[in-house]
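Encoded as structure tokens, the structure appears first; notes follow it.
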Amino acid sequence: MGEKLSIGWFTFTCCEDSSILFVELLNDHFFEWKKKIEFKHCKMLKTKNVMGPFDVAFIEGAISNDEEANEAKKIRSLSKKVIAIGSCACSGSPSNQRNYFSPEQKARIAPLLEKFKLFGEVKRLDQVITIDGRVDGCPMDEKKFLEVLNTLLEEVKE
Ligand code: SF4
């Protein structure tokens with residue numbers, strides 16, 4: 001890895017609450033992280049984003065369609081490490097609520113799935129790509145996120 005940890009932050013099917021939490025964490029960590037992190041792709045922080053390569057990509061949200069799956073695969077190919085962020089990415093829930101609908105409910109939403117080209121079942125991230133770590137929680141467990149990030153920052157120094 002280089003001197004700075006180059007990161008990408010991405011969201012798929014989700015409410016982006018962990019992304020908001022990440023921005024909130026900048027209130028306390030911005031000046032420290034500015035020295036150590038290159039925010040290569042982070043749409044909530046900047047308009048000019050570069051699509052990799054990344055030391056690490058953080059991905060929030062579940063995967064609902066081919067477009068998202070293909071984008072996740074592209075991110076994977078450009079990243080040394082991928083970390084699943086939040087319960088939706090880690091386990092699919094709660095973005096995958098429709099997976100547990102009754103047959104009647106599923107029949108009622110079938111036209112919408114077809115119209116918007118959505119998968120029959122919403123997938124968690126590791127059903128689509130290999131991941132290297134996870135930060136569970138809804139939204140993500142802040143303490144665990146800092147642990148994971150600090151470990152990654154330590155690796156940069158090595
Ligand atoms: S895990 Fe929770 S906070 Fe994160 S995207 Fe899903 S619903 Fe939102």
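In listed order, ligands and their atoms are each counted from 1. Keep in mind it's a predicted model, so treat the numbers as computed, not measured.
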Any donor and acceptor pair, going by atom type alone, linking the side chain of [X] with main-chain N or O of [Y] inside 3.5 Å?
{"X": "Lys46", "Y": "Phe39", "result": "yes"}
{"X": "Asp28", "Y": "Leu25", "result": "no"}
{"X": "Ser6", "Y": "Lys40", "result": "no"}

Handout entry: Residue pairs, two or more places apart or on separate chains, that pass salt bridge (charged side-chain N to carboxylate O under 4.0 Å, His left out) and touch residues 107-119
Key =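 Qualifying pairs, neighbours excluded: none.
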
Ignoring hydrogens and angles, write down the donor-acceptor pairs under 3.5 Å from the side chains of residues 144-152, residues two or more places apart or on other chains.
{"residue": "Asn150", "atom": "ND2", "partner": "Leu146", "partner atom": "O", "Å": "3.0"}
{"residue": "Thr151", "atom": "OG1", "partner": "Glu147", "partner atom": "O", "Å": "2.9"}

Exercise for the section: At a cut-off of 2.8 Å, list the protein N/O/S atoms near atom 2 (Fe) of ligand 1, residue plus atom name. Expected result: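 Result, waters dropped: Cys138 SG.
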
Problem - Asp132: partners by salt bridge (Lys or Arg N to Asp or Glu O under 4.0 Å), with sequence neighbours left out - result: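 Only Arg76 meet the salt bridge (Lys or Arg N to Asp or Glu O under 4.0 Å) criterion with Asp132.
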
Exercise for the section: Identify, for atom 4 (Fe) of ligand 1, the protein heavy atom at the shortest distance, and state residue, atom and that distance. Expected result: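 Minimum-distance protein heavy atom for atom 4 (Fe) of ligand 1 reads Glu60 OE2, 3.2 Å.
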
